[in-house]
Structures are given as structure tokens and as C-alpha cells.
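Every heavy atom of this structure was used, including side-chain atoms; hydrogens, water molecules and symmetry mates were not. What you are looking at is a predicted structure, and each value in this text was computed from that prediction instead of being measured. Lettering of chains follows the sequences in order, A, B, ..., and the numbering in each one begins at 1.
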Amino acid sequence: MMMNIKRRVFLKGSLAAGTVGVAVGAGLLAPQAVIAAWNEKAFQAKSIDDALAAALGGSSSTASDAIKIKAPDIAENGAVVPVSVAAEMAGVESIVLLAEGNNAPLLATFTLGAGAAPDISTRIKMGKTSDVIAVVKAGGKLHSARKSVKVTIGGCGG
Amino acid sequence: MANSIKIRAKIKDNTTEVKCLITHPMETGLRKDSKTGQLIPAHFINEVMADVGGKSVMNAQWSGGISKNPYLSFSFTGAAKGDEVKITWADNQGGGDSETATIS
């Protein structure tokens, strides 16, 4: 009887270990992903203030001319809007991109490591004509800039 | 999912500029399949990491609001020609890939 119980326990243990192993192998539990979990609350927030509060720990930012957003004035296709953000300030820790008119406004957060320049380009989706907002965290303070982009075909629905 | 990432890394005046393209559908989970009317499940990259020589230079968290087949460019200082840049991504369905490129 004892033997059987132990055998059960052993089987359970090895099965559990097996699942974790497979998960790691498949990239489900990439080691980095465990350390920096995806900020679900911030990305699901429906308002810009909520998203910023969850992503950066504060929603009040000061408008800054030192942040340059490069985006088209008119985007023909809202599914692909090229956006560049460059901040001319020192000590930038992170850059956050938001689209004001999207269902979930928070698009991306970029955390910069040592030596990284505060200059990021990517392509975003925009549901409708609205402002693209960049919030830069430097020296513990939030700075923001915005640029209006007119979208002729929305890129979020279908 | 091999070779889902294309990376170009060029150094100029001590600043390395990295440009990369990732092949990924980036579904928000809000789009409907035009034939069945069913919602297409969310499937998007939620994390992108860039390492140089084992040190993290950039870590991005994304939502489904980043375009399909995402493009990303960033730059950093402190690397030399011949160093390797490693880009790793992970998506919300447990997929992921990584690729390294030599700085030229």
C-alpha cells in the first residue's frame, strides 16, 4: 500500500515537472517573461489616465517640446501608421506610446537599458482620427507630446 | 517559427542603430472573421527584448495595437563592430523566437 501511494506521488511530481519543462521549452515561460510580466492592467485600460497610472505609476505629465513625434498628418490606412519618437533629454527611462482614439489606448511601453538612445520607431494601428501621444519618463518625471493623425480607413475593426 | 525576425544592425559614430522586422499576425482579438463572423482570438507579441553582449538595451511591452508584421527600430551606444545583438519576442499564446545579428 505504501509503495503505491509513493508511486502516485512520484508520478504526480514527475508529471508536474514535465509540464513546466515543456512550457519552458515552448517559450511559454521564457525566463525574462517571468521577471517582467506583461502589464495586463495597463494594456486593458480604456482611458489614457488609467493606462498611464498602471504603466508608469502616474498620469500627470508636463507637455514638452523636447519630445518629437514623427507621424504622418494623414494616414490612409489606420492599420499601419509609422511613428517615431525621439526625446532630446537626458536620463530617459522609458517611452510610452498611446493612441487616444483606440479602444485600449496604450500601444507600447519601451524600457531603455544602459546606453540606449531615447529614439524609437515602430508602426501602430489606429482605429480613428485622433492624437498619438508619447509619454517619456525621465528622472522620475513624466513628459508628454502629442500629434494629431487623420485616419481615413480605421485599422482596428473589421 | 524559425527566422521570424530580420535584423539589421549598423554602427556609425559609436551609435548602433538596430532595425528589425518580425513576422507576426498581431491579432487584437476584436476583429471578426469575414466568413464565419466569429471573433479571431487575440494573438499578438507582448514582449520584445534586445540584448547586446548579455546586457539588456531595450525591453518593450506591446499591445495588439502594434501593426501586423511589426517593425521596430532603436539605437544605443557602447557597442563595437562585430558585437552581437539578440532580439527575442514572446506572444500572448506562448509563442516566441529569437535571432542574433552581428553589428556591421
Side-chain angles (χ1 to χ4, degrees), chain A residues 22-23 25-40 42-45 51 55 77-86 94-99 102-127 155-158, chain B residues 1 14-22 26-34 37 39-40 42 44-53 55-79 86 88-98:
Chain A
V22 168
L28 267 176
L29 291 171
Q32 296 93 331
V34 174
I35 298 163
W38 192 62
N39 197 336
E40 194 177 342
F43 281 103
Q44 285 180 348
N77 183 356
V80 185
V81 183
V83 174
S84 297
V85 177
S94 52
I95 297 175
V96 173
L97 262 182
L98 306 106
N102 282 14
N103 259 345
L106 184 59
L107 300 168
T109 64
F110 299 93
T111 309
L112 305 180
D119 184 353
I120 295 263
S121 307
T122 187
R123 295 193 292 225
I124 63 169
K125 293 178 199 166
M126 291 181 73
C156 282
Chain B
M1 297 267 258
N14 200 32
T15 303
T16 308
E17 187 178 25
V18 180
K19 294 179 178 176
C20 68
L21 266 175
I22 305 171
M26 297 302 281
E27 286 292 348
T28 55
L30 304 169
R31 230 159 57 90
K32 275 184 183 159
D33 189 311
S34 55
L39 280 176
I40 302 171
F44 56 87
I45 295 174
N46 52 23
E47 190 153 41
V48 182
M49 287 149 286
D51 287 11
V52 177
K55 276 188 198 158
S56 168
V57 285
M58 200 269 321
N59 182 332
Q61 291 192 1
W62 286 355
S63 73
I66 299 292
S67 301
K68 182 180 173 181
N69 297 335
Y71 165 79
L72 171 67
S73 94
F74 58 94
S75 49
F76 59 92
T77 55
K86 185 182 178 201
T88 310
W89 62 261
D91 70 23
N92 67 326
Q93 293 189 355
D97 198 4
S98 74

Are the side chains of B:Asp97 and B:Trp89 in contact, using a 4.5 Å heavy-atom criterion? yes
Check whether [X] gets within reach of chain B through its side chain, its backbone, both or neither, counting any heavy atom under 4.5 Å.
X	result
A:Val96	neither
A:Ala114	backbone
A:Ile120	both

Can a donor-acceptor pair be found, under 3.5 Å and without considering hydrogens, that links the side chain of [X] to the backbone of [Y]?
X	Y	value
A:Asn102	A:Ala104	no
B:Thr28	B:Gly64	no
B:Glu17	B:Ser73	no
A:Thr122	B:Tyr71	yes

Chain A interface, residue from B:Leu72, B:Thr15, B:Asn46 that has the most non-hydrogen pairs under 4.5 Å: B:Asn46
Hey, which of A:Val80, A:Leu107, A:Leu106, A:Leu97 has the most heavy atom pairs under 4.5 Å with chain B? A:Leu107
Measure [X] against the heavy atoms of chain A and call it side chain, backbone, both or neither at under 4.5 Å.
X	answer
B:Thr77	both
B:Asp33	neither
B:Lys19	neither
B:Leu21	side chain

When you check the side-chain N and O atoms of A:Ser84 and A:Ser121, is any donor under 3.5 Å from an acceptor? yes
Taking only residues two or more places apart in sequence, or in another chain, which ones meet B:Phe76 in a ring-ring contact (aromatic ring centres under 6.0 Å, His included)? none
